[in-house]
Number of protein chains: 2
Amino acid sequence: MKGIRQLAEHLDISIGTVSRALNGKPDVNDETRRRVLAAAEEFGYVANQSGRSLRQGETKVIGLMIESSMETVENADNFFLGVTSGLQSVFARHKLDLIMLPCPSDEDPHEYLQRMVARRIVDAMIISETHRIDRRIDLLSRAKIPFVALGRSLSASNSAWIDLDFEGVANRAVERLIARGHRRIAITAPSSEVNLGYIFLDGYRRALERHDIPFDPSLVIRVKSSEQGGYQAANELLLLEERPTAVILIYELMAIGLYRRLMESGVMPGRDLAVIGFRDAPRARFLQPSLSCFRMSLYDLGVELGRMLLANMPAYQDFYPGDGRNIIWPLELIVGESDLFDPRTGEKEFEPERLIFDNKTVES
Amino acid sequence: MKGIRQLAEHLDISIGTVSRALNGKPDVNDETRRRVLAAAEEFGYVANQSGRSLRQGETKVIGLMIESSMETVENADNFFLGVTSGLQSVFARHKLDLIMLPCPSDEDPHEYLQRMVARRIVDAMIISETHRIDRRIDLLSRAKIPFVALGRSLSASNSAWIDLDFEGVANRAVERLIARGHRRIAITAPSSEVNLGYIFLDGYRRALERHDIPFDPSLVIRVKSSEQGGYQAANELLLLEERPTAVILIYELMAIGLYRRLMESGVMPGRDLAVIGFRDAPRARFLQPSLSCFRMSLYDLGVELGRMLLANMPAYQDFYPGDGRNIIWPLELIVGESDLFDPRTGEKEFEPERLIFDNKTVES
DNA sequence: ACGCACTCCGTAAACGTTTACGAATGTTGG
DNA sequence: CCAACATTCGTAAACGTTTACGGAGTGCGT
C-alpha cells in the first residue's frame with residue numbers, strides 16, 4: 001500500500017473523504033467511515049508522516065535530548081529510560097510519540113539541537129543536563145519551540161523547567177548530620193559548570209550558617225560524576241589534615257567508589273565516617289552498610305515533565321491549565337546505616353534497616 | 001527564517017539554485033554558492049525535514065527501537081546508550097541521524113513498530129531483544145525497510161543480525177569449570193521466550209556432552225533478568241538436594257542478587273560455590289569476591305551494528321561491501337576470584353586479581 | 001556569422017497529506 | 001412545489017523541498 005491515493009482508488013472514494021474518515025473529521029457518513037477504517041486496517045495503511053506534517057506544520061513527535069557521552073552512559077544509571085515511561089504515559093493520551101535524541105559525544109550539543117530543531121522533526125523538546133548559562137534555551141525560545149528544561153538554568157528565567165530539589169537535599173543532609181553532633185561536614189560538588197552544583201552548595205552553606213558553622217572551602221570536594229569520582233573524593237577526604245566526620249555526596253554512583261576507597265584504607269563508612277548519598281540508584285542498593293540517601297520516582301517525574309511540556313504547547317494547554325512554569329522536585333530521605341553513629345561517642349543509634357529485596361519493585 | 005523561499009528572495013536567486021547550492025549539486029557558480037551558504041549560516045536556515053523527505057522519499061534518520069519496560073529500565077544497565085555511541089560514529093560519516101524509539105511498556109512492540117514504520121519517520125531500523133519468533137522481522141521484511149536485529153531469531157533466517165556469543169560463553173564457562181574439577185554445574189536461563197535462552201542452553205549442553213556429563217534438567221534454573229532474579233536463583237540453588245559446586249549466570253545483574261542471597265546463607269561465592277557471570281556490567285564491578293565474567297565493548301558492537309545496517313541499505317552499501325549478513329559477537333573472559341577454588345580440595349588457585357579502578361576507563 | 005559546447009540558473013512538477021470550498025443529493029417546512 | 005437547510009463528498013490548493021528540463025548567456029572554432 002503506497003499511500004492514501006491507492007487506498008482511495010481501491011475504495012472508489014476520493015482521497016479527501018478517506019483522509020477525513022481516518023482523522024475522525026465530521027463530514028463523513030458512518031458507513032463510509034467504517035469501510036475506510038476497515039480497508040486501512042486491512043492494508044496496514046498509516047499516513048506518511050512527512051506529507052502529513054508538511055501540510056499541517058506539526059509532527060506529533062516530542063523529542064527528549066540526552067547527551068550520550070561515555071560519562072553519561074556510565075553514570076546516569078538509566079535515569080532517562082526511567083522518566084521515559086512517565087513521559088509516554090501522558091503523551092500517549094494525545095497520540096504524541098516520544099523519541100530520544102542522543103547527542104553524539106563529539107558534537108556540540110547546541111549545534112546538534114539547532115540541527116534537530118531546524119529540521120522540524122519534533123514539535124517540542126525536553127532538554128536535560130542544563131548548564132548554568134545554556135544557549136540551547138535561547139535557541140529554543142527564539143525558535144518558538146515549546147520546551148521544558150530538566151534542570152534549572154539562569155538562562156531559563158522565563159521558561160519552563162523542573163529540577164530536583166538539590167538545595168533541599170543538601171539542606172536536610174546537613175541538618176540531619178548536625179543533629180547527630182557532626183560539625184565538620186564535607187560535601188562534594190560537580191567539577192563542571194552544570195547549574196546543580198551551585199544550588200547544591202547553596203543549600204549546604206545556608207544550612208551551615210543557620211547553625212553558625214563557618215563555611216570551610218577546603219571541605220568542598222570537586223568531583224567527576226562517576227564511581228571514579230567517588231574514589232577520588234575519598235582520596236582527597238583522607239588527605240585532609242583535620243578529617244571531617246561526615247560527607248555528603250552528589251551523583252548517585254559516587255557512593256560506590258567512595259565506599260571502596262574508604263574500605264581500602266580501613267575507614268568504615270557508618271562508623272568512622274558518616275555518609276549521606278544522593279539518589280537511590282539501582283547500582284548503589286547493595287552497599288554495606290546500607291546507604292542513607294534520597295529517593296524519588298522517575299516515573300512520576302516523567303509524568304510531571306510531560307504535563308508541564310503540554311501546558312506550554314498551544315494545542316494542548318487547555319488540558320493542563322493549572323500546570324505552572326516550574327517545579328522543584330522533592331526527594332524523600334531513605335534512612336540507611338551509613339550515618340547512624342554519634343561522632344563524639346562513636347555509638348550507633350538504632351534505626352530500621354532499609355529493605356532492599358521486598359516484594360514490590362523498588363522504584364528507581 | 002521561514003523556508004528556502006524567503007532565503008531565495010533575500011538573495012534574489014531562484015529557490016532551485018539555492019537548493020542546489022546547499023546540497024552541493026554541480027550546476028552552480030562558486031560565487032553564488034558561497035553567498036548562499038553564507039546567508040544560510042547567517043539566518044540559521046536548515047531545510048525542513050518534512051518537505052525534504054517527502055520529496056526524496058528518505059529521511060536520513062535511523063531508528064533504534066528499545067523496549068522501555070520497567071524490567072529493561074532496571075536491568076539493561078545502559079546497554080543501549082553504550083552501543084549508541086558506536087552507532088553514531090559510523091552514521092555521522094554519512095550525515096545520518098540516530099533516534100531512539102522507546103516502545104511504551106503498555107503497547108505491543110509489533111504495533112508500535114508498525115506505526116513507526118508506516119509513518120516513514122525513519123529510513124532503517126535496528127531492533128533489539130528479538131524473540132525466538134518475532135513478527136517484527138516479517139513486518140520489516142515485507143515493508144522493505146532495511147534493518148538489523150540485535151539478537152538472532154528464527155524469523156531472521158534470511159536477514160541481517162548480530163548477536164552476542166551466548167553459546168560460546170556458556171561453552172567456555174563450562175569448559176573452564178570442568179577443567180577445575182567441577183562436575184555438577186548449574187546454569188541459569190531466561191524464563192521468557194527470548195531466543196538467547198535456547199542458544200545459551202545449547203552451548204551448555206554441548207560442552208557437557210563433550211565431557212560425558214549427563215544433562216540434568218533440574219540444574220537449569222529459570223530466572224527473571226534482574227537482581228531479584230539472581231536472588232531467587234540462589235534460593236532455588238540452595239534448595240537442591242545435591243547442591244551443585246558451580247553456577248553459570250546469564251544477564252549482567254543477576255550476580256548481585258545471587259551474591260547477596262548466598263552471603264545471607266553463609267555460602268561464600270568463590271569458596272563454597274563457583275560463580276561465572278555474564279556481562280561485565282558496571283553495577284557488578286564492585287562485587288567481592290570479584291566476579292569471573294565476560295566482557296565486550298559496547299562501542300565496538302555499535303560500530304559493527306551500524307556498518308551492517310548500512311551494508312543493507314542500497315544507498316550506502318557501496319561503502320561497506322564486505323560486511324556480511326550476521327555476526328556472532330565474541331566476549332572476552334575476565335578472570336575474577338569467584339571461580340578459583342578446586343571443588344574437591346577447596347584449595348584456591350592463584351590468578352591475578354581483576355583491576356577495577358585503573359586509570360583507563362573500563363569499557364562497559 | 002554560424003554552430004556547438006559549456007556554464008549557470010529559472011521554471012515547474014512532484015512527493016503524500018490535509019482542508020477550505022463548493023457541488024450534489026436528500027430532507028424538511030411552509 | 002419551492003426555499004432553506006443538512007448531509008456527504010469531490011476538487012484543488014497548499015505545505016517546503018528537490019530535481020528534470022530547458023533556456024539564456026558566453027566562448028570558441030570554423
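Reminder, nothing fancy here: chain letters follow the sequence lines and each chain counts from 1. For the numbers below, each heavy atom of this structure counts, side chains included, while hydrogens, waters and symmetry mates do not.
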Provide, to the nearest angstrom, the distance between the CG atom belonging to N29(A) and the P atom belonging to dA6(D). 17 Å

Mind calculating the distance between CG (L11(A)) and P (dG10(D)) to the nearest angstrom? 11 Å

Does the protein touch nucleotides 15-22 of chain D at the base, only the backbone, or not at all? Give it as B, S and - per nucleotide, heavy atoms under 4.0 Å. BBBBBB--

Who passes ring pair (Phe, Tyr, Trp, His ring centres under 6.0 Å) against Y316(A), sequence neighbours left out? H94(A)

Output for pair (L98(B) CG, I126(B) CD1), nearest 0.5 Å, gives 6.5 Å

Hey, are the side chains of N23(B) and R52(B) touching, using non-hydrogen atoms and a 4.5 Å cut-off? yes

Is the shortest heavy-atom distance from the side chain of L22(B) to the side chain of Y45(B) under 4.5 Å? yes

When we call it a touch if two heavy atoms are under 4.0 Å apart, what does T32(B) touch: a base, just sugar-phosphate, or nothing? sugar-phosphate

Options dG10(C), dG10(D), dT8(D), nucleotide nearest the side-chain atoms of I13(B): dG10(C)

For residues 36-44 of chain A, which side-chain N or O atoms pair as donor and acceptor with protein atoms under 3.5 Å away, sequence neighbours left out?
none

Drop me the distance from R115(B)'s CZ to H110(B)'s NE2, to the nearest 0.5 angstrom. 13.0 Å

